[in-house]
Amino acid sequence: MSKGVIKKVAGPLIVAKGMRDANMSDMVMVSEDHLTGEIIEMHGDEAYIQVYEETSGLGPGAPVESTGMPMAVELGPGLISSIYDGIQRPLDKILEVTGTNLLKRGVQVPSLDRDRKWDFKPLKSAGDEVESGDIIGTVQETESVLHRIMVPYGIKGRIKSIREGRSTVTETVAVITTDKGDREISLMQRWPVRKGRPYRRKLAPNMPLVTGQRVIDTLFPIAKGGVASVPGPFGSGKTVVQHQLAKWADADIVVYIGCGERGNEMTDVLNEFPELKDPKTGRSLMERTVLIANTSDMPVAAREASIYTGITIAEYFRDMGYSVALMADSTSRWAEALREMSGRLEEMPGEEGYPAYLSSRLAQFYERAGRVVTLGSEERTGALSVIGAVSPAGGDISEPVTQATLRIVKVFWSLDSSLAYKRHFPAINWLNSYSLYLDSIEGYFNENVAPDWSGLRARLMRLLQEEAELEEIVKLVGMDAVSAADRLKLETARSIREDYLHQNAFNETDTYTSLEKQHLMMQVILDYYDETLKALEQGASVNDLVALPCREAIGRFKYVKEDEAEAEYEAIETRLRKECREAAERKGDF
């Protein structure tokens with residue numbers, strides 16, 4: 001291991017000399033306090049080190065020692081329900097050690113509890129041939145998550161021995177004889193955070209990640225294993241959108257990264273997630289969640305590392321064959337940490353002071369998402385979907401972080417402050433947002449929900465776009481100058497906005513809508529449009545058609561329970577046809 005001394009200190013960045021034998025990305029221990037750091041540049045025998053803890057009081061001459069290993073996370077039972085900082089230090093354990101809510105520097109606490117015993121149940125026997133990624137046994141980590149113990153990467157051979165029973169994460173549970181000798185396997189393995197975990201092959205994104213949020217599933221869906229961006233100004237509902245996705249998305253595991261958010265926002269997450277009921281099990285949502293909490297008052301360098309820590313943990317569960325949803329809130333704060341470190345390294349700045357390599361770093365993060373066939377002799381499919389919130393100053397999406405993100409992601413959920421001020425949530429602007437997964441996953445909706453799903457969706461979007469054009473005319477000449485057919489078009493579009501796209505996250509029924517009920521809701525709104533157009537041609541008054549009594553039932557359809565939706569749909573359809581027929585018989589006064 002290389003040893004040196006500090007030459008210069010510049011905030012979280014220090015320069016150490018005498019480090020010729022160290023390597024890029026090596027973890028180092030700084031000073032007698034053993035502060036954690038990582039080498040990010042090497043020039044001769046000088047190492048540029050970003051320190052993940054407070055550096056006040058450090059000065060030239062303090063010792064620096066390389067561990068000879070890159071920054072890595074511990075992966076094993078105990079991850080679920082844990083709350084870590086950006087470099088996987090367990091915040092609850094640090095609180096027990098220090099007795100204070102403030103992070104003290106130099107505190108060394110293992111990421112996984114070394115004393116807790118887990119009940120290991122083998123799935124393989126002595127003499128079985130195994131390879132990297134094979135599942136040799138399981139641990140029931142929580143009631144919601146069965147932790148699958150895998151053969152670490154690079155190991156292939158025959159099981160010499162394997163034992164059942166209670167073990168800590170460091171005790172040997174199996175011995176595998178390889179070409180290079182016997183390898184002891186424990187419940188825990190380590191993996192460098194800046195290197196993506198390997199897989200056999202990546203699959204096409206042809207399956208949606210069902211979220212139960214109508215504006216997302218219907219208009220701008222994300223594929224399982226896809227990537228999405230949620231940019232929006234302060235107060236537009238980014239955090240609420242991510243909370244809804246964490247709770248309702250069709251994912252087995254949730255990894256929530258708070259990288260640089262305000263302390264009160266992260267506190268809300270820490271308080272709310274244990275209280276939220278998992279709709280799949282009825283138990284706490286934390287029983288399938290890992291939290292990475294690195295708020296804006298924590299060391300800036302650890303904020304930069306937090307998204308790598310989170311996505312490595314997510315990849316680990318993906319390799320077990322689970323569907324994982326990762327929420328990063330927000331990548332703008334992560335980019336600010338990157339900008340600060342780049343400035344201290346005196347690198348040539350790019351646009352608005354961000355480093356020139358901002359886009360490539362973002363791409364390296366998002367490209368680790370995907371639906372894959374994992375390693376192992378028995379093929380498993382796992383998925384890692386990444387939803388990154390972006391916080392552009394003043395909601396200006398032309399700033400560098402948002403633009404760099406949009407060049408990478410395939411789903412753009414544009415949050416609109418004007419919708420938020422109108423209390424329309426989710427405040428996703430249907431005219432600015434888009435999804436590039438539509439072509440690849442519309443076949444899934446047509447085959448598994450209804451054959452006319454994509455046709456109904458296209459009609460909804462067309463009506464919303466035509467409404468935007470008609471509204472410009474209405475502003476200029478007034479509603480009286482609009483034709484009766486266009487008046488019905490505007491009313492239908494209003495119903496789409498208020499009765500379909502608006503969704504109440506705090507209403508027990510409306511907070512989640514299945515794909516089947518979404519199809520019925522689309523159908524009933526468009527049937528209103530079709531039936532009223534027919535009645536209009538038969539002489540009905542447009543005022544009568546706008547004020548049909550059944551419109552209230554259409555508006556309240558979203559509050560109908562899932563098991564009652566089919567019957568309610570049939571009742572509304574019957575009323576609609578009857579009321580349109582009666583309106584046509586009355587004949588309007590034109």
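In this chain, residues are counted from 1 in sequence order.
- Residues meeting the salt bridge (charged side-chain N to carboxylate O under 4.0 Å, His left out) test with Glu399, sequence neighbours left out: none.
- Among Leu219, Ile222, Asn429, the single residue meeting the side chain to side chain contact (heavy atoms under 4.5 Å, CB included) criterion with Trp413 is Ile222.
- One distance of note links CG of Asn432 with CZ of Phe220; it measures 9.0 Å at 0.5 Å rounding.
- The side chain to side chain donor-acceptor pair (under 3.5 Å) check on Gln189 picks up Arg197, with sequence neighbours excluded.
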Would you be so kind as to tabulate the donor-acceptor pairs closer than 3.5 Å made by side chains of residues 22-31, with sequence neighbours excluded?
{"residue": "Asp26", "atom": "OD2", "partner": "Asn23", "partner atom": "N", "Å": "3.0"}
{"residue": "Asp26", "atom": "OD2", "partner": "Ser66", "partner atom": "OG", "Å": "3.1"}
{"residue": "Ser31", "atom": "OG", "partner": "Asp33", "partner atom": "N", "Å": "3.2"}

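- The CG atom of Leu91 sits 10.0 Å away from atom OG of Ser82, with the distance rounded to the nearest 0.5 Å.
- One finds the CD atom of Glu46 at 8.5 Å from the NZ atom of Lys17 (value rounded to the nearest 0.5 Å).
- A search for salt bridge (charged side-chain N to carboxylate O under 4.0 Å, His left out) contacts involving Glu471 returns nothing, not counting sequence neighbours.
- Side chains of Ser306 and Tyr84: a donor-acceptor N/O pair is absent below 3.5 angstrom, by distance only.
- Not counting sequence neighbours, the partners of Asp510 by the salt bridge (charged side-chain N to carboxylate O under 4.0 Å, His left out) test are Arg214.
- Side-chain polar atoms of Ser391 and Ser330 form a donor-acceptor pair below 3.5 angstrom.
- Between Tyr434 and Val411, every side-chain heavy-atom pair lies at or beyond the 4.5 Å cut-off.
- We find the CG-CD1 distance between Leu245 and Ile216 to be 4.5 Å, quoted to the nearest 0.5 Å.
- Between Arg89 and Glu53 there is a salt bridge, with a side-chain nitrogen of the basic residue lying less than 4.0 Å from a carboxylate oxygen of the acidic one.
- Rounded to the nearest 0.5 Å, atoms CD1 (Ile313) and CD1 (Ile292) are 4.0 Å apart.
- Residues Arg368 and Thr312 bring a donor and an acceptor atom of their side chains to less than 3.5 Å of each other.
- Residues Tyr199 and Arg318 meet the side-chain proximity criterion, which asks for heavy atoms closer than 4.5 Å.
- Residues forming a ring-ring contact (aromatic ring centres under 6.0 Å, His included) with Phe317 (at least two apart in sequence, or on another chain): His147.
- Ionic pairing of Glu38 and Arg194 is present here: one or more N-O contacts between side-chain nitrogen and carboxylate oxygen are shorter than 4.0 angstrom.
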Worked verdict on Trp453 versus Met522 for side-chain contact (heavy atoms from CB on, under 4.5 Å):
CA-CA 9 Å; Trp453 175 282; Met522 283 194 286; 3.8 Å; yes
